[in-house]
Amino acid sequence: MSDQHPAGASFAGPVVPGFHPDPSVCRVGDDYYLACSSFEYFPGIPLFHSRDLVHWTRIGNALDRPEQLRLPTSMPSSGGIYAPTLRHHDGRFWLIVTNCSEGGGNLLVTATDPAGPWSDPTWLPDVPGIDPDLAWDEDGTCWCTVAGVSQVPLDPYTGRTLGETRRLWSGGPGAKAPEAPHLYRIGDYWYLLIAEGGTERGHGISIARGLSPNGPFEPCPANPILTHRGTDHPVQNTGHGDLVQAPDGSWWMVFLGARPHGGTPGWHVLGRETFLAPVTWEDGWPVVGDILAPGYDGPGDPYHDDFDLTELHASWISVRDRPAEHCTTKERPGSLTLRARGTSLDEPDAVFIGRRQQHHACRARTSVDPAQGCGGLAVRLDEQHHYDIEADGTEVRVVSRVGSVRAVVATLPVPAGPVVLGVRITEPPERHDPRTGPDVVSLGVERPDGTFAPLATLDGRYLSTEVAGGFTGRVIGLYAAQGVVHFDWFGYEQLTA
């Protein structure tokens, strides 16, 4: 495989596994950069770097300061940061995105180095809608195109619009949710790429072209150019794509997809992930090649953290905010200290840090000292859908929250002192029943000899998008429910057969 592009490679996708939806990509020289949505989590907009479009390394988050990203507790889960567009123009990286929360709206940040720091936001009060895109024409005019699909000329330095918003082409007749527009100048034409059909099983990508950046646009006769709707492909919900050209002239598309598991209707638990496919051109139209069955799970983020650094790694995310007085590695050197706010993960201001679940079979472990409080390890989808194992110095208990029902499903007395808590996520023991869920989640403690002792094994379907709704995926992490809780280390690893 070339160092610069993946020509000739076979992809078992995803290239960025786990909850990393709405990918946007740009290339600068031999380097590719990718941004994804982050919704209710802080910091916002994970950023990645690659030299071949297949192997990606996290380099930071674009919105990593409170003055850049405010997500109020009144905002529901799956609100927040939607669908960034990442571009490089005139020696600078530009990232435009929507903050779908009270007091939010469309905003733009810039950087000379995509690893940061990124600027404070320039707000765009007159840019309507969500999923904003940026494109520059030959005379330097910047065009902002949004879901719907409509467009307005924009001064990206000031945030002022420079004309009226006008409607463009919005996909096939009657198509649901025309969104995720991206505008490109390729050869003699301007191409308008959009998603349509909604981000569920009907998702797809269509394209049109015209001689001007504001149309009129002629739809591709082969639309949608990418969809897996109505097929038995293991990757479903494919859509929300972005095109990029490699140094050798080849073309590629990144896009989101989901991998449903289990019986009917199929449950996806990792969220919408980032996939890659080759693109060829026929008669001036892009033709998207195949992706193969899931199998490549990528290297992921660092799996073990001893909390020896004064700042958390960029892969850690928190719910809505992360005040230093509630989350720090400086209070007890070599430990993460969480100070509770609220009483449980049911609360919108829960103190939680986690990392995205990136593998269908995995385990997570942590050593917790709950002498001054109560806290533990959780698998979270949102406030109403999470499984937890927590300790309070005298007892370990497993908590299940599904919809309106919260229950303590198992308890175990433990001596005072640190205890190792664990979660194992595996395939169900039997898969022949069409009602079988996608996986099972076992929560327990680790004995002194290192063996895992499960206290409860729960059906994973209740921590899936098909049950809970929304746009995110599972996040596994640490929380404090009462008082002060110290964590000596955290480990996450993929399980193989």
Side-chain angles (χ1 to χ4, degrees), residues 24-27 83-98 106 108 122 124 126-175 177-196 204-226 239-245 249 251-255 279-288:
S24 180
V25 66
C26 70
R27 177 177 65 85
T85 293
L86 177 64
R87 295 291 181 257
H88 186 264
H89 173 76
D90 196 24
R92 182 182 298 198
F93 289 89
W94 305 78
L95 194 148
I96 189 170
V97 71
T98 310
N106 288 306
L108 192 154
T122 296
L124 314 173
D126 297 323
V127 174
I130 62 172
D131 298 8
D133 174 72
L134 293 177
W136 286 262
D137 66 18
E138 290 88 343
D139 66 9
T141 301
C142 178
W143 297 96
C144 181
T145 309
V146 297
V149 175
S150 60
Q151 184 187 80
V152 64
L154 177 72
D155 181 342
Y157 294 94
T158 66
R160 292 190 305 110
T161 55
L162 302 177
E164 296 297 320
T165 301
R166 60 189 304 273
R167 296 285 295 185
L168 299 179
W169 175 77
S170 296
E179 57 191 4
H182 289 307
L183 187 66
Y184 317 89
R185 176 63 184 265
I186 303 172
D188 294 331
Y189 290 101
W190 286 88
Y191 288 85
L192 177 59
L193 187 77
I194 71 166
E196 61 180 36
I205 296 174
S206 293
I207 198 167
R209 70 186 183 190
L211 296 175
S212 165
N214 49 23
F217 289 97
E218 164 200 5
C220 175
N223 279 336
I225 60 171
L226 173 66
H240 203 118
D242 200 4
L243 291 167
V244 66
Q245 188 178 27
W251 284 87
W252 302 87
M253 179 184 284
V254 294
F255 55 94
V279 173
T280 56
W281 293 82
E282 296 181 9
D283 300 323
W285 295 108
V287 178
V288 184

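Note that these values count all heavy atoms, side chains included, but never hydrogens, waters or copies made by symmetry.
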### Message
Using every non-hydrogen atom in the two residues, find where G91 and H88 come nearest and quote the distance to one decimal.
### Response
C-NE2, 3.7 Å
### Task
Answer whether the closest heavy-atom distance between the side chains of I225 and V279 falls below 4.5 Å.
no
### Rounded distance [0.5 Å steps], CG in L211 versus CZ in F217
9.5 Å
### Query
Quick one: does Q151's side chain get under 4.5 Å of D133's, heavy atoms only?
no
### Task
Can you measure from CH2 (W169) to CG (N214) and round to the nearest 0.5 angstrom?
16.0 Å
### Query
Between W94 and W136, is the ring centre distance below 6.0 Å?
yes
### Summary
On a heavy-atom basis, the closest approach of P221 and W285 is CD-NE1, 3.6 Å
### Query
Rounded to the nearest 0.5 Å, how far apart are CD1 of I194 and NE2 of H240?
11.5 Å
#### Entry: More than 12 heavy atoms of other groups within 6.0 Å of E282 CD
no
### N106 side chain near T98 side chain, heavy-atom distance below 4.5 Å
yes
#### Entry: Side chains of P132 and T85 in contact at under 4.5 Å (non-hydrogen atoms)
no
### G163 versus P153, closest heavy-atom pair with distance
N-CG, 3.8 Å
#### Entry: Interatomic distance, S24 atom OG to R87 atom CZ [nearest 0.5 angstrom]
4.5 Å
### Task
Flag the pair L86 / D242 as yes when at least one side-chain heavy-atom distance between them is below 4.5 Å, and no otherwise.
no
### Message
Please identify which of these residues, D131, L193, L168, meets the side chain to side chain contact (heavy atoms under 4.5 Å, CB included) condition with P181.
### Response
D131
### Query
Could you give the distance from SG (C144) to CG (D155), rounded to the nearest 0.5 Å?
12.0 Å
### Query
Would you say the side-chain atoms of S170 pair up with the backbone N or O of G148, donor to acceptor, closer than 3.5 Å?
yes
### Task
For residues G239 and I205, report the shortest heavy-atom separation together with the two atoms involved.
CA-CG1, 3.6 Å
### Task
State, yes or no, whether a side-chain contact exists between V146 and V127 at a heavy-atom distance under 4.5 Å.
yes
### Query
What distance do Y157 atom OH and L108 atom CG have between them, rounded to the nearest 0.5 Å?
10.5 Å
### Side-chain touch Q245/I186, heavy atoms, less than 4.5 angstrom
no
### Task
Report yes if the side chains of T141 and W143 come closer than 4.5 Å at any heavy-atom pair, otherwise no.
yes
### Query
Which atoms form the tightest heavy-atom contact between G241 and Y184, and what is the distance?
O-OH, 4.4 Å
### Task
Quick one: do L192 and T145 satisfy side chain to side chain contact (heavy atoms under 4.5 Å, CB included)? Show the steps, please.
CA-CA 9 Å; L192 177 59; T145 309; 4.3 Å; yes
#### Entry: Near-ring test Y191/W281, centroid separation under 6.0 angstrom
yes
### Message
Looking at every heavy atom in both P224 and S206, which two are closest together, and how far apart are they?
### Response
CA-OG, 3.5 Å
